[in-house]
Amino acid sequence: PILSNIVPVAMWADELIRPYQSSAASSSTLSKAFGHSVEASKLLSRADAFLRLEQADEGLRLAEQALVSFRQSSDATGMADAARLVTFAMCLQDRRKEADRLLRDELAIFQTSARYAPKGAEVRLLLALAELNADRRGQKKREEALTLAGQARSLAIELGEIGLEASSLVTMAQIFHKYKGDRSTCSREAYRLATQSFQLFRESQDRRGQAIAQHWLAVARFSLEEYTTAVQLMEDAANLWKDAEDAIMEGNAQTCIAEWQVKCGRPHLAVPAADRAVMLFRTVGISGNREIRAMQ
């Protein structure tokens, strides 16, 4: 039960979010910066900010506007990432079937116009579809998700895109965590994939990516009942999120640490992590379920 509710929120690696943040920070007098529309990038960055707070309605509205804006500027990569955020918002609204249709439609368009659309955009859509079908859609969809993530990885390797390959690997690790089968075997495979992902993210100096991979390394070890190692790995993830100045994700990691310490019969060690989680959530204006969970 504790593991089932560890759902990282909008965990985008630097490779995925940095270009839009850079474009959005550019002068408003420019129509394009860092390869992306300034206006569309601002919409996408705002959508991401709302979705990280799990404010699905406003996040969806802005993500849909970003998708239209990227489409108008013929920015295939931007369209793929905006579609990914749109479907993330739909998942928060429990509209997974609609999100699945949207991604499949977008992917069909990209694959039909493969001569013109950059392959990196196709990798992003494959990953979004894999992430969507990895959770709450049954084992058959989970098996399909693993195939999609594998396709994304192969294409990323072909393109020489280390960041996208790392994202594919960590998505596969996440899928194996929920995969039906021998629990020990699945957890060990998740750990192997997350380790490869971490190494690639480190090679590309992607701090957020390293934190994502470290999260799943910790989860895999916890599944293997290696509790002390799992807590240490999650503490490392929390430190990486702290270095990345991401209070929300550090708070999620600290909440996880607190829950695990309680699960292991060490409630006195859970208190500092829970206190820090509450403090972090309050600094970014988060209350409600996440704050209550950290305090329990």
Side-chain angles (χ1 to χ4, degrees), residues 5-25 36 40-67 69-70 78 80-96 99 103 124 127-128 131-132 134-136 163 167 170-171 174 201 206-216 219 234 237-258 276-294:
N5 62 13
I6 299 169
V7 183
V9 180
M11 284 175 51
W12 281 27
D14 283 339
E15 195 272 337
L16 290 172
I17 65 170
R18 185 183 292 149
Y20 304 107
Q21 292 175 337
S22 299
S23 296
H36 296 289
S41 296
K42 287 180 178 178
L43 287 166
L44 193 71
S45 295
R46 288 175 60 201
D48 177 59
F50 276 102
L51 291 174
R52 283 160 48 76
L53 297 173
E54 297 185 1
Q55 296 182 18
D57 293 345
E58 184 63 9
L60 177 59
R61 186 183 70 81
L62 291 165
E64 288 176 334
Q65 289 182 9
L67 180 57
S69 185
F70 280 124
D81 283 331
R84 189 178 187 188
L85 265 196
V86 168
T87 54
F88 181 84
M90 286 181 169
C91 287
L92 290 178
Q93 297 174 331
D94 201 22
R95 296 165 58 194
R96 292 177 180 274
L103 284 173
R124 285 164 162 80
L127 280 177
E131 290 165 354
L132 171 66
D135 191 30
R136 301 183 189 180
S167 294
V170 81
T171 298
Q174 181 178 355
F201 277 130
D206 187 327
R207 282 292 220 187
R208 292 177 60 84
Q210 290 175 60
I212 295 168
Q214 197 81 12
H215 172 98
W216 290 107
V219 170
M234 192 59 77
N239 288 332
L240 284 166
W241 288 121
K242 182 178 180 180
D243 290 345
E245 298 182 348
D246 192 323
I248 294 174
M249 292 311 305
E250 185 192 348
N252 286 342
Q254 295 290 355
T255 299
C256 191
I257 291 166
R276 179 155 180 81
V278 171
M279 182 274 290
L280 287 165
F281 290 147
R282 286 176 176 170
T283 61
V284 291
I286 291 178
S287 58
N289 290 339
R290 268 192 263 190
E291 185 173 347
I292 290 170
R293 181 180 155 205

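Computed from a predicted structure; not experimentally measured. Computed over heavy atoms, backbone and side chain alike; hydrogens, waters and symmetry mates excluded.
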Undergrad: To the closest 0.5 Å, what do you measure between CD (Glu250) and CG (Asn239)?
TA: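 With rounding to 0.5 Å, CD (Glu250) is 7.5 Å from CG (Asn239).
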Undergrad: Minimum heavy-atom separation for Val284 to Leu53, with atom names?
TA: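 Where Val284 meets Leu53 most closely, the heavy atoms are O-CD2, 4.2 Å.
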Undergrad: Heavy-atom distance under 4.5 Å between the side chains of Gln55 and Leu92, does that happen here?
TA: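 Of all side-chain heavy-atom pairs linking Leu92 with Gln55, none is under 4.5 Å.
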Undergrad: Evaluate the side-chain proximity of Asp81 to Phe70: yes if any heavy-atom separation is below 4.5 Å, no if none is.
TA: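 Of all side-chain heavy-atom pairs linking Asp81 with Phe70, none is under 4.5 Å.
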Undergrad: For Gly209 and Phe201, which heavy atoms make the closest approach, and how far apart are they?
TA: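 Looks like O-CD1, 3.1 Å.
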Undergrad: Drop me the distance from Gln254's CD to Asn252's CG, to the nearest 0.5 angstrom.
TA: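 Here the rounded value is 10.5 Å.
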Undergrad: Using every non-hydrogen atom in the two residues, find where Ala63 and Ala47 come nearest and quote the distance to one decimal.
TA: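 In terms of heavy atoms, the two residues are closest at N-CB, 3.6 Å.
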Undergrad: For the atom pair CG (Asp48) and CG (Leu85), what is the distance rounded to the nearest 0.5 Å?
TA: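 Between atom CG of Asp48 and atom CG of Leu85 there are 5.5 Å.
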Undergrad: Less than 4.5 Å apart, any side-chain heavy atom of Gln210 and any of Asp243?
TA: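 Of all side-chain heavy-atom pairs linking Asp243 with Gln210, none is under 4.5 Å.
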Undergrad: Measuring only between side-chain heavy atoms, which start at C-beta, is Arg208 closer than 4.5 Å to Trp241?
TA: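 Of all side-chain heavy-atom pairs linking Trp241 with Arg208, at least one is under 4.5 Å.
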Undergrad: With sequence neighbours excluded, what pairs up with Asp94 under the salt bridge (Lys or Arg N to Asp or Glu O under 4.0 Å) test?
TA: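 Listed in chain order: nothing, the list is empty.
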Undergrad: Do Leu280 and Arg276 have side chains that get closer than 4.5 Å, going by heavy atoms?
TA: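 Yes, at least one pair of side-chain atoms sits under 4.5 Å.
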Undergrad: Where do Ala89 and Leu51 come nearest, in terms of heavy atoms and distance?
TA: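 Heavy-atom minimum between the residues: CB-CD2, 3.6 Å.
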Undergrad: Could you grab the distance from atom CG of Leu132 to atom CE of Met90, nearest 0.5 Å is fine?
TA: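 The CG atom of Leu132 sits 10.5 Å away from the CE atom of Met90.
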Undergrad: Looking at every heavy atom in both Ala237 and His215, which two are closest together, and how far apart are they?
TA: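 Nearest pair, atom of Ala237 first, then His215: CB-N, 4.1 Å.
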Undergrad: Between Phe281 and Gly251, what is the shortest heavy-atom contact and its length?
TA: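 Heavy-atom minimum between the residues: CZ-C, 3.4 Å.
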Undergrad: Apply side-chain contact (heavy atoms from CB on, under 4.5 Å) to Gln93 and Asp57, showing your working.
TA: CA-CA 8 Å; Gln93 297 174 331; Asp57 293 345; 2.8 Å; yes
